[in-house]
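One-based numbering, in listed order, for ligands and for the atoms of each. One is the number of the first residue; the rest follow in order along the sequence.
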Amino acid sequence: MALSPSEPTEPPLHVAIIMDGNGRWAKRRGLPRTLGHRAGVEALKRTVAAAPELGIRSLTVFGFSTENWRRPAAEVAELMALPKRYFESDLARLERDGVRVRAVGRREGLSPELRAMLIQAEARTAHNDAFQLQIAFNYGGQADIVDAARKLAQDVAEGRARPEDISEATFTRYLSTADFPPPDLVIRPSGEQRLSNFLLWESAYSELVFQNVLWPDYDREHLAAALAEFAKRERRFGGAVSDDVLAAG
Ligand code: IPE
Ligand code: IPE
Ligand code: MG
């Protein structure tokens with residue numbers, strides 16, 4: 001995507017959040033991790049409500065990574081139940097509020113019930129365009145790139161694509177996130193400063209903001225603070241600093 005250095009970058013159109021810190025939140029309260037994950041769903045609801053009011057057009061949230069299968073079975077089961085918990089209470093509201101829901105990540109490995117629920121959430125909101133909510137579930141940046149490469153290789157093998165035509169733009173279309181623009185801002189609460197396999201390709205030029213708050217405590221003020229930090233950044237996309245471009249006239 002060609003973006004000139006002077007292109008306006010605020011407000012961020014697409015914000016992506018790594019919803020991290022549920023376990024620590026529960027531990028600090030002497031609660032089981034399960035309750036941390038449930039509290040995390042409440043933080044998601046607050047964030048989805050606040051995002052459009054703060055000028056965000058699209059939001060991607062990381063709910064379960066391809067590496068999270070390494071957790072104890074009981075915790076995986078609780079995490080797998082979260083989309084149901086969220087959609088049962090909120091899908092009607094999302095539909096009414098003009099939110100379009102998209103689920104990205106591998107569908108293999110998910111229960112038929114969960115798959116059906118994701119398909120239903122997408123179908124019921126497909127006509128909406130006021131706000132986009134992308135849910136990364138059983139998602140891994142590397143897995144998504146591998147899956148895209150496999151589909152592309154298949155297309156080449158069957159004559160639908162030619163190696164010489166493969167570009168960044170054509171490759172992007174094979175990713176499960178193809179319907180969304182790249183994130184302008186990636187936020188990670190919880191104090192960890194890593195991407196943990198989130199949107200590896202898409203975040204090439206994203207601004208990164210790390211916040212010292214555990215996800216279940218996340219609210220509108222934290223999101224506003226991340227946006228304020230984003231507004232101070234100068235995005236260059238590999239180009240020159242805008243003042244220097246003017247000076248070079
Ligand atoms: C985020 O919280 C939920 C998922 C990763 C699915 P964690 O469960 O990772 O919480 P911490 O990082 O252990 O505190
Ligand atoms: C990233 O958090 C995945 C999600 C929030 C869904 P993790 O808690 O799994 O990441 P690591 O293990 O600390 O890197
Ligand atoms: Mg974590």
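In this structure, Asn138 contributes its side chain and Arg107 its backbone to no donor-acceptor pair below 3.5 Å. Of the possible polar contacts, one joining the His14 side chain to the Pro181 backbone as a donor-acceptor pair under 3.5 Å is found.
No side-chain donor-acceptor contact under 3.5 Å links Tyr205 and Asp184. Using a 3.5 Å distance cut-off with no hydrogens or angles, the side chains of Thr60 and Gln134 do pair a donor with an acceptor. Under 3.5 Å, the side chains of Thr177 and Glu202 contain a donor-acceptor pair of N or O atoms. Side-chain N/O atoms of Glu67 and Asn197 include a donor and acceptor closer than 3.5 Å.
Between Phe180 and Arg102 the shortest side-chain heavy-atom distance falls below 4.5 Å.
Lys27 does not count as a contact of ligand 1, since none of its heavy atoms falls under 4.0 Å from the ligand.
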Return all side-chain donor-acceptor pairs below 3.5 angstrom for residues 49-56, not counting sequence neighbours, or 'none' if the list is empty.
from	atom 1	to	atom 2	distance (Å)
Glu53	OE1	Arg220	NH1	2.3

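Protein contacts to the Mg ion (ligand 3) involving N, O or S atoms at a distance below 2.8 Å are Asp20 OD1.
Identified under the side-chain hydrogen bond (donor to acceptor under 3.5 Å, both in side chains) test for residues 16-26, with sequence neighbours left out: Asp20-Arg24, Asp20-Arg188, Asp20-Ser190, Asn22-His37, Arg24-Ser190, Arg24-Glu192, Trp25-Asp217.
Between Glu229 and Lys232 a salt bridge is recorded (basic side-chain N to carboxylate O distance below 4.0 Å).
Annotation: ligand 2 has protein neighbours Ile18, Met19, Asp20, Phe62, Gly63, Phe64, Asn68, Arg71, Arg188, Arg194, Ser196, each with a heavy atom less than 4.0 angstrom from the ligand.
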